[in-house]
Q: 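Provided herewith is a single structure, encoded as structure tokens, for subsequent inquiry.
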Amino acid sequence: MADDGAILKGYLSVFAGDLGRLLIFAAFIPLLVRTVGEGGFGRYALVMAIFLPSRKVLNMGLFEATKTYVSREEGAERDRVIATSFALHAGMLVVGIPLLAGLFTVATDGSLQLALYLMLGAVVGEQLYYFGRGVLHAYKREAVVEPLIPVRSVILAVVGLTLAAEGYGVPGVFAGFATGFLLTGALSTGLAFREARILPSPRRLAFAVYGRPLLRFGVQTMALVLMLTSMFKVDILLVGYFESDVATGHYRAALQVSEFMWVVSIAMEQVMIQSTARLWEEDAIGELTALTARMLRYVVVITALLVAGVFVLSEQFLTLYFGPAYEASVLPLRILLPGVLGFAMARVIWPVLQAGGHLRTLLLATGTAVVINVALNLALIPMIGIAGAAIGTSVAYGSMAVTHVLAARTVDLRPTKGLPILRIAALGAATIGLLWVLVPLGPWWVDLFVLPWIGLALYAAGSQVLGVLTVGELRELVGEFTPAD
């Protein structure tokens with residue numbers, strides 16, 4: 001049987017870490033915009049669009065492979081998996097960092113090149129963090145490693161903003177990134193070895209037994225991760241190619257706000273692999289369906305509420321948060337929102353399929369959405385600029401929900417079983433309608449600090465009346481976190 005309480009506790013730890021990161025970045029981003037300017041924010045967005053795929057390529061999917069294999073093994077065999085995984089993580093850095101540095105040397109110059117060099121320090125730190133996080137997740141010690149995420153965010157924000165304000169600009173920001181990632185990466189690795197009660201030793205290496213399975217799982221996973229990464233980086237890269245730094249900054253602002261709404265689904269994604277791996281081994285399809293459907297419902301209900309609020313209040317929020325010039329980001333953000341909900345749904349489903357080893361099915365589902373994304377962005381950005389990027393990306397995000405639900409059905413999973421999608425849509429539409437009517441009646445501070453609570457009250461009451469998510473079910477959830485007397 002699935003231990004729902006353990007899964008939810010792991011989820012809460014990951015959610016708290018991601019929420020802390022988002023809150024810190026929520027304070028960091030407007031300060032960054034005002035420190036480096038619109039053009040500098042565009043260059044920052046370009047480096048970040050390179051940072052994410054770089055760290056994913058160097059990891060080679062070993063984070064997910066480590067979680068999966070360490071959670072399956074016990075005793076001395078588990079120690080051998082951990083030692084082998086650490087050696088593979090280190091080897092990827094030895095090979096990959098010089099290659100990336102050489103590529104940046106040939107393809108860039110000036111402050112962009114310096115920022116990319118400093119970004120490589122963050123890549124090294126993230127690789128160390130990936131290893132430690134994978135091991136600690138397998139031990140169900142999410143509460144130990146997840147707090148490092150907001151700690152890292154505080155370090156990079158303080159150091160990066162200080163250096164940028166001292167005149168070092170965007171390179172100074174990424175010096176902060178390197179500092180935060182390296183410190184927490186080293187700590188994560190140390191915590192993992194302490195939890196496993198082993199030290200790195202060549203005697204524990206088992207490349208012949210575990211090297212190939214880890215890499216095979218990792219390479220297939222990396223292909224999936226790169227496809228997923230391209231879903232929210234190809235658009236910014238193409239906008240940077242076709243449009244100015246200022247337009248890139250405006251589009252990045254819209255993306256930044258839309259990504260805040262993924263905190264619930266991102267946390268769910270992180271815990272579902274190790275939480276469902278054993279159910280796949282036991283061929284417990286009924287339990288898998290029930291668990292996935294339950295978690296998907298929670299994600300859809302919460303994300304739909306966030307989408308409704310941001311859709312109505314996007315202009316007030318963007319112009320206060322980023323500044324008046326970012327009114328240009330309002331239309332792209334509103335276009336992105338329907339797709340954001342679809343992508344959130346896919347985030348719940350793909351780790352479950354991944355845990356079951358159905359990577360080819362996932363690659364096909366994700367690859368379909370990637371093709372849609374690239375084709376629409378290439379066609380629309382030259383025609384209508386950042387609005388075209390938003391249309392193409394939103395359609396591709398939405399297609400992720402469709403392709404992943406269909407992929408799940410090919411292995412007899414029914415993730416949308418019992419999902420009250422029409423009732424959730426009605427709740428979202430009613431919330432949007434109420435807020436839209438109330439917005440013109442008060443000043444901006446009422447819009448941002450009072451109306452969200454009114455929208456929440458309506459949504460919560462409607463959820464109770466329509467049976468979408470009831471007080472009784474919430475009490476049961478609380479009970480799962482509360483030890484029995």
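Note that the structure is a prediction, hence the values are computed from the model and not measured. FYI, side chains are in, hydrogens and waters are out, and symmetry mates aren't considered; it's all heavy atoms of this structure.
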Q: Taking salt bridge (Lys or Arg N to Asp or Glu O under 4.0 Å) as the test, write out the residues that go with Arg80, two or more places apart.
A: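 Listed in chain order: Glu77.
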Q: Looking at Ala460, is its backbone amide N or carbonyl O close enough to the side chain of Ser463 to form a donor-acceptor pair, meaning the two atoms are under 3.5 Å apart?
A: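 No, the answer is negative, given that no donor and acceptor are paired below the 3.5 Å cut-off.
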Q: What distance do Leu46 atom CG and Tyr44 atom OH have between them, rounded to the nearest 0.5 Å?
A: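 Answer rounded to 0.5 Å: 12.0 Å.
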Q: Could you list the residues that satisfy ring-ring contact (aromatic ring centres under 6.0 Å, His included) with Phe242, not counting sequence neighbours?
A: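 Checked Phe242 against ring-ring contact (aromatic ring centres under 6.0 Å, His included); zero matches.
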Q: Taking side chain to side chain donor-acceptor pair (under 3.5 Å) as the cut-off, I'd like each qualifying pair that reaches into residues 181-192, sequence neighbours left out, listed once.
A: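 As it turns out, there is no side chain to side chain donor-acceptor pair (under 3.5 Å) pair with a partner in residues 181-192 once direct neighbours are skipped.
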Q: Kindly write out the residues that satisfy salt bridge (Lys or Arg N to Asp or Glu O under 4.0 Å) with Arg141, not counting sequence neighbours, or none if the list is empty.
A: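 Expected list: Glu195.
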Q: Are any side-chain N or O atoms of Ser329 and backbone N or O atoms of His250, one a donor and one an acceptor, separated by less than 3.5 Å?
A: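 Judged by distance alone, yes, a pair lies under 3.5 Å.
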Q: Which heavy atom in Leu100 sits nearest to a heavy atom in Ser54, and how many Å separate them?
A: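 Heavy atoms only, the tightest pair is CD1-CB, 4.1 Å.
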Q: Could you go through the side-chain contact (heavy atoms from CB on, under 4.5 Å) check for Leu296 and Met345 one step at a time?
A: CA-CA 6 Å; Leu296 182 64; Met345 294 175 65; 3.9 Å; yes
Q: Find the distance between CZ (Arg152) and CG (Leu183) and round it off to the nearest 0.5 Å.
A: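 Taking CZ in Arg152 and CG in Leu183, the distance rounds to 11.5 Å.
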Q: What heavy-atom pair brings Met383 and Ala379 nearest, and what distance separates the two atoms?
A: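 Reported closest heavy-atom pair: SD-O, 3.2 Å.
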Q: Among residues at least two apart in sequence or on other chains, which ones pass ring-ring contact (aromatic ring centres under 6.0 Å, His included) with Tyr117?
A: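 Applying ring-ring contact (aromatic ring centres under 6.0 Å, His included) to Tyr117 gives none.
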Q: If we check side-chain contact (heavy atoms from CB on, under 4.5 Å) with Asn373, which of these qualifies: Thr368, Thr393, Val395?
A: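 The side-chain contact (heavy atoms from CB on, under 4.5 Å) with Asn373 is passed solely by Thr393 among Thr368, Thr393, Val395.
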Q: May I have all residue pairs that pass side chain to side chain donor-acceptor pair (under 3.5 Å) and include part of residues 404-422, sequence neighbours excluded?
A: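 Counting only pairs at least two positions apart or across chains, the side chain to side chain donor-acceptor pair (under 3.5 Å) contacts touching residues 404-422 are Thr366-His404.
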Q: In the structure I gave you, are the side-chain heavy atoms of Arg133 and Glu146 within less than 4.5 Å of one another anywhere?
A: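 A side-chain contact exists here, since the closest heavy-atom pair is under 4.5 Å.
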Q: Side chains of Thr303 and Val307: does their closest heavy-atom pair fall under 4.5 Å?
A: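 When only atoms from C-beta onward are counted, Val307 and Thr303 do touch, with a gap below 4.5 Å.
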Q: Could you give the side-chain donor-acceptor pairs of residues 418-428 under 3.5 Å, partners two or more places apart or in another chain?
A:
{"from": "Arg423", "atom 1": "NH1", "to": "Leu466", "atom 2": "O", "distance (Å)": "2.7"}

Q: Counting C-beta onward and ignoring hydrogens, is there a side-chain heavy-atom pair between Gln127 and Met60 closer than 4.5 Å?
A: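 Heavy-atom side-chain distance check fails, nothing below 4.5 Å.
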Q: Arg360 vs Leu364, test: side-chain contact (heavy atoms from CB on, under 4.5 Å). Steps then yes/no.
A: CA-CA 6 Å; Arg360 291 183 181 177; Leu364 179 60; over 6 Å; no
Q: Minimum heavy-atom separation for Val340 and Ser258, please, with both atom names.
A: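 That would be CG2-CB, 3.7 Å.
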Q: With a 4.5 Å heavy-atom cut-off, do Val310 and Met261 have their side chains touching?
A: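 SC-SC contact between Val310 and Met261 confirmed.
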Q: Under a 4.5 Å cut-off applied to non-hydrogen side-chain atoms, are Ile82 and Phe131 in contact?
A: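 Touching, per the 4.5 Å side-chain cut-off.
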Q: Can Phe174 and Leu116 be said to form a side-chain contact (heavy atoms from CB on, under 4.5 Å), step by step?
A: CA-CA 8 Å; Phe174 283 95; Leu116 288 167; over 6 Å; no
Q: Could I get the full list of ring-ring contact (aromatic ring centres under 6.0 Å, His included) partners for Phe181, not counting sequence neighbours?
A: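 Phe51.
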Q: Test: salt bridge (charged side-chain N to carboxylate O under 4.0 Å, His left out). Region: residues 45-60. Which pairs qualify, not counting sequence neighbours?
A: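 Residue pairs with at least one partner in residues 45-60: Arg55-Glu126.
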Q: Does the separation of the ring centres of Tyr129 and Phe63 fall below 6.0 angstrom?
A: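 Here the rings of Phe63 and Tyr129 have centres that are no less than 6.0 Å from each other.
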Q: Which pair of heavy atoms, one from Ala346 and one from Ala401, lies closest together, and at what distance?
A: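 Taking Ala346 first and Ala401 second, the nearest heavy atoms are CB-N, 4.4 Å.
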Q: How far does CD1 of Ile391 sit from CG of Leu380, to the nearest 0.5 angstrom?
A: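 Going from CD1 on Ile391 over to CG on Leu380, the span is 6.0 Å.
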Q: Mark yes or no for whether Glu243, through its side chain, and Thr248, through its backbone, hold a donor-acceptor pair below 3.5 Å.
A: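 Judged by distance alone, no pair lies under 3.5 Å.
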Q: Hey, does His89 have a side-chain heavy atom less than 4.5 Å from the side chain of Leu128?
A: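 No, every pair of side-chain atoms sits at 4.5 Å or beyond.
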Q: I need the minimum non-hydrogen distance between Val144 and Pro147, along with the two atoms involved.
A: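 Looking at all heavy atoms of both residues, the closest pair is O-CD, 3.6 Å.
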Q: Could you pull out the closest heavy-atom pair between Val300 and Leu341, with the gap in Å?
A: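 It is O-CD1, 4.1 Å.
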Q: Please round to the nearest 0.5 Å and tell me the distance separating atom CG of Leu337 and atom CG of Leu333.
A: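 Result: 4.5 Å between the selected atoms.
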Q: Do Val151 and Ile155 touch side chain to side chain, with heavy atoms closer than 4.5 Å?
A: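 Yes, their side chains come closer than 4.5 Å.
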Q: Tell me, which pairs form a ring pair (Phe, Tyr, Trp, His ring centres under 6.0 Å) where one or both residues lie in residues 382-402, sequence neighbours left out?
A: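 As it turns out, the ring pair (Phe, Tyr, Trp, His ring centres under 6.0 Å) pairs with a partner in residues 382-402, which skip direct neighbours, are Trp262-Tyr397, Phe343-Tyr397.
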Q: Any donor-acceptor pair under 3.5 Å linking the side chain of Tyr251 with the backbone of Gly385?
A: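 Judged by distance alone, no pair lies under 3.5 Å.
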Q: Among all residues two or more places apart in sequence or in another chain, which pass the salt bridge (Lys or Arg N to Asp or Glu O under 4.0 Å) test with Arg78?
A: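 Result, salt bridge (Lys or Arg N to Asp or Glu O under 4.0 Å) vs Arg78: none returned.
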Q: Under the criterion side-chain contact (heavy atoms from CB on, under 4.5 Å), I'd like the reasoning laid out for Tyr241 against Leu237: C-alpha separation, chi angles, the key distance, then a yes or no.
A: CA-CA 6 Å; Tyr241 178 78; Leu237 290 171; over 6 Å; no
Q: Apply side-chain hydrogen bond (donor to acceptor under 3.5 Å, both in side chains) to residues Thr66 and Ser85 and explain how you reach the verdict.
A: CA-CA 7 Å; Thr66 300; Ser85 173; 2.6 Å; yes
Q: Report yes if some heavy atom in the side chain of Ile285 is under 4.5 Å from a heavy atom in the side chain of Leu288; otherwise report no.
A: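 Yes - at least one pair of side-chain heavy atoms lies under 4.5 Å apart.
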Q: Mind checking ring-ring contact (aromatic ring centres under 6.0 Å, His included) for Phe104 and listing every partner two or more places apart, or none if nothing turns up?
A: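 Counting only residues at least two positions away or on another chain, Phe104 forms no ring-ring contact (aromatic ring centres under 6.0 Å, His included).
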Q: Where the side chain of Thr403 meets the backbone of Met400, is there a donor-acceptor pair that is under 3.5 Å apart?
A: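 Checking the backbone N and O of Met400 against the side chain of Thr403, a donor-acceptor pair under 3.5 Å is found.
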Q: When rounded to the nearest 0.5 angstrom, what is the spacing between CG in Leu52 and CD1 in Ile50?
A: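 The CD1 atom of Ile50 is 11.5 Å from CG of Leu52, to the nearest 0.5 Å.
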Q: Using atom types as modelled and distance alone, determine if a side-chain donor or acceptor of Trp280 lies under 3.5 Å from a backbone N or O of Val352.
A: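 Answer holds: yes.
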Q: Mind checking the CG-CG spacing from Leu336 to Asp235? Nearest 0.5 Å is all I need.
A: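 Reported value, rounded in 0.5 Å steps: 7.5 Å.
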